[in-house]
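Input: a single structure, listed below in structure tokens.
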Amino acid sequence: MDQAELSTEQVLKRDIPWETYMTTKLISATGLQLLRRYDKKAESARAQLLDEDGPAYVHLFVTILRDIFKEETVEYVLALIYEMLSANPTRARLFHDESLAHEDTYEPFLRLLSKGNWFIQEKSCKIVAWIISARPKAGNGVIANGEASASKKPITTIDDVLNGLVEWLCAQLRQPSHPTRGAPVAISCLSTLLKEPVVRSSFVKADGVKLLVPLISPASTQQSIQLLYETCLCIWLLSYYEPAIEYLATSRTMQRLTEVVKSSTKEKVVRVVILAFRNLLPKGTFGAQMVDLGLPHIIHSLKTQAWSDEDLLDALNQLEEGLKDNIKKLSSFDKYKQEVLLGHLDWNPMHKEANFWRENVTSFEENDFQILRVLLTILDTSSDPRSLAVACYDLSQFIQYHAAGRVIVTDLKAKERVMKLMNHENAEVTKNALLCIQRLLLGAKYASFLQA
């Protein structure tokens with residue numbers, strides 16, 4: 001059978017020749033005795049053994065994974081550990097028992113991430129994620145596991161583990177080992193691990209944040225909804241970490257999250273996105289982005305729905321108030337700039353207000369006429385007639401209100417682009433393209449008249 005399709009249940013049906021391993025001294029007599037009491041026994045009996053002698057079983061399982069390399073046996077022991085932890089994740093604390101202070105409990109799992117088949121990689125990843133999450137914290141919040149200075153052999157430190165695990169998780173998002181399960185397993189682990197500040201740091205340093213963005217898209221199937229939820233959960237956890245926030249601000253994260261929250265009916269998905277928005281609202285330009293993405297209207301619509309989650313209802317109210325404050329603070333040019341940068345123009349009042357153009361026309365000079373250049377890009381690339389019409393109109397307004405408007409627009413080679421739109425099938429586009437050309441040509445005629 002393909003190991004990628006193996007299940008834990010199938011693996012645990014195997015009979016492993018433990019006695020042979022004892023004969024060859026790969027396990028001890030004590031280890032064999034522990035295995036005979038545990039293996040193939042009822043769950044209640046195994047639970048009792050773990051309650052009574054948990055650290056001894058952890059030591060035994062780690063030792064087998066360290067010393068025995070037969071694939072079937074490695075899979076079997078990983079399945080035993082996975083079964084043990086999935087039944088009760090708090091058992092991961094056993095790996096941090098004081099009696100194991102000099103044991104390198106992480107090393108086998110980290111090694112198996114890169115050397116095993118998919119079943120081995122997946123189980124090693126999930127197990128090590130549980131172990132990391134259960135580790136004790138020192139008083140200063142720093143890791144307290146595995147620094148056994150008295151040990152002759154260097155122990156795998158938590159930094160080694162985190163770097164190795166994050167590297168593997170990012171690799172699964174870039175090029176999955178398994179075509180359908182690689183990315184979901186990686187995201188599932190990250191949604192647990194990113195609760196740890198040290199993991200957030202490691203993930204950002206590995207350039208992992210950009211790998212999440214393509215996975216933020218509306219979902220329909222149960223499997224894809226879970227992947228979307230856990231991806232959004234990762235974004236929420238990263239919204240507490242400044243270096244990650246810098247990347248989120250400059251990517252299409254906000255647009256994608258907005259599309260998700262507009263279309264999703266799953267309360268847990270909406271909740272985690274709204275909580276992320278609430279965290280990001282006071283940071284940098286996120287408030288302006290949210291206003292321009294139409295979030296105030298979306299929030300108003302969401303509030304009319306029957307949600308049961310108190311945290312979601314509170315977050316919606318806080319976000320609504322925060323967005324109202326943000327709208328008050330935004331200058332008219334900030335709002336205009338955000339609209340242009342998003343590339344979707346509409347006939348908002350500022351486009352036709354004379355005061356807006358008189359007060360803000362010099363702001364168009366910022367960043368080497370960035371906003372004018374974006375308007376020209378819209379003329380080149382947009383297929384939306386409304387955006388094309390408004391862009392032509394705004395160029396004509398700039399020509400009219402800026403002292404050197406005609407020269408600047410001509411230097412930017414706007415005339416050729418606008419001329420192409422004179423024959424556009426949409427009447428609104430042709431009307432505003434004509435207006436723009438008239439103002440450009442009027443300037444040229446006026447200049448030649450003066451020279452004469």
Side-chain angles (χ1 to χ4, degrees), residues 1-89 91-97 99-100 102-131 134 151 153 155-156 161 164 168 177-178 181 185:
M1 174 180 280
D2 181 357
Q3 271 82 359
E5 308 308 326
L6 270 179
S7 69
T8 304
E9 293 74 20
Q10 288 167 325
V11 170
L12 290 174
K13 286 177 184 173
R14 295 173 184 166
D15 289 309
I16 304 297
W18 300 122
E19 289 79 4
T20 306
Y21 286 125
M22 193 198 78
T23 306
T24 55
K25 296 189 169 24
L26 286 169
I27 59 174
S28 65
T30 306
L32 179 62
Q33 186 181 5
L34 286 169
L35 284 164
R36 281 175 171 165
R37 291 169 64 197
Y38 188 92
D39 195 18
K40 308 293 186 192
K41 298 298 187 286
E43 186 180 345
S44 56
R46 295 197 307 272
Q48 188 176 346
L49 288 169
L50 291 169
D51 289 341
E52 293 169 0
D53 218 0
Y57 278 100
V58 165
H59 178 258
L60 173 63
F61 294 152
V62 170
T63 302
I64 292 171
L65 291 176
R66 188 187 64 215
D67 296 340
I68 295 173
F69 297 96
K70 188 173 175 59
E71 198 168 75
E72 290 81 356
T73 306
V74 170
E75 289 169 355
Y76 192 86
V77 174
L78 287 173
L80 285 177
I81 301 171
Y82 180 80
E83 185 183 56
M84 169 183 108
L85 297 180
S86 57
N88 183 357
R91 288 174 180 156
R93 293 174 192 160
L94 295 170
F95 286 81
H96 305 284
D97 191 82
S99 65
L100 301 172
H102 299 292
E103 282 294 323
D104 198 345
T105 51
Y106 286 122
E107 186 278 331
F109 303 105
L110 196 58
R111 171 172 47 81
L112 292 169
L113 275 178
S114 59
K115 292 191 165 57
N117 59 45
W118 174 249
F119 181 89
I120 289 173
Q121 287 184 41
E122 180 184 18
K123 294 298 178 278
S124 297
C125 170
K126 290 185 175 180
I127 290 166
V128 84
W130 270 318
I131 298 171
S151 174
K153 181 184 171 186
I155 278 196
T156 307
V161 178
W168 185 84
S177 301
H178 187 282
R181 282 159 54 185
V185 165

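Keep in mind that what you see is a predicted model, and the values were worked out from it rather than measured.
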How many angstroms lie between [atom1] in [X] and [atom2] in [Y], if you round to the nearest 0.5 Å?
X: Tyr82; Y: Ser124; atom1: OH; atom2: OG; value: 12.5 Å
X: Leu94; Y: Asp53; atom1: CG; atom2: CG; value: 10.0 Å
X: Glu71; Y: Asn117; atom1: CD; atom2: CG; value: 4.5 Å
X: His178; Y: Gln121; atom1: NE2; atom2: CD; value: 11.0 Å
X: Ile120; Y: Ser114; atom1: CD1; atom2: OG; value: 11.0 Å
X: Leu80; Y: Lys40; atom1: CG; atom2: NZ; value: 8.0 Å

Got [X] and [Y] here, is their nearest side-chain heavy-atom distance under 4.5 Å?
X: Leu112; Y: Leu78; answer: yes
X: Trp18; Y: Arg36; answer: no
X: Glu107; Y: Arg66; answer: yes
X: Phe95; Y: Ile81; answer: yes
X: Ile27; Y: Thr63; answer: no
X: Asp67; Y: Tyr21; answer: no

I'd like to know if the side chain of [X] and the backbone of [Y] have a donor-acceptor N/O pair within less than 3.5 Å.
X: His59; Y: Thr105; answer: no
X: Thr24; Y: Thr20; answer: yes
X: Lys115; Y: Leu110; answer: no
X: Arg91; Y: Met84; answer: yes

Return the minimal non-hydrogen interatomic distance between [X] and [Y], and the atom names on each side.
X: Ala92; Y: Leu85; answer: N-CD2, 3.4 Å
X: Leu32; Y: Glu19; answer: CD1-N, 4.0 Å
X: Val11; Y: Ala79; answer: CG1-CB, 3.9 Å
X: Glu43; Y: Ala87; answer: OE2-CB, 4.0 Å
X: Pro55; Y: Leu100; answer: O-CD2, 4.0 Å

**Report entry** Steps toward side-chain contact (heavy atoms from CB on, under 4.5 Å) verdict (Leu35, Ile64)
**Finding:** CA-CA 11 Å; Leu35 284 164; Ile64 292 171; 4.2 Å; yes
query = Is the CZ atom of Arg111 crowded by more than 12 outside heavy atoms at less than 6.0 Å?
reply =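 Yes.
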Which word best sums up how the rings of Tyr57 and Tyr38 line up, parallel for under 30°, tilted for 30 to 60°, or perpendicular for over 60°?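 Taking Tyr38 first and then Tyr57, their aromatic rings sit tilted (interplane angle of 30° to 60°).
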| request: Kindly determine whether Ile68 and Tyr76 satisfy side-chain contact (heavy atoms from CB on, under 4.5 Å), including the steps that lead there. | output: CA-CA 11 Å; Ile68 295 173; Tyr76 192 86; over 6 Å; no
* Is Lys123 positioned over the aromatic face of Phe119, cation under 6.0 angstrom from the ring centre and no more than 45 degrees off axis? ->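 Yes, a cation-pi geometry holds between Lys123 and Phe119.
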*Pairing of Arg14 and Glu72 as salt bridge, 4.0 angstrom limit*: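 Not counted as a salt bridge, because no side-chain N and carboxylate O are separated by less than 4.0 Å.
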Notebook entry, point to check: Between Glu122 and Lys126, does at least one N-O distance fall below 4.0 Å, as a salt bridge requires?
Noted result: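 The answer is yes: the pair qualifies as a salt bridge.
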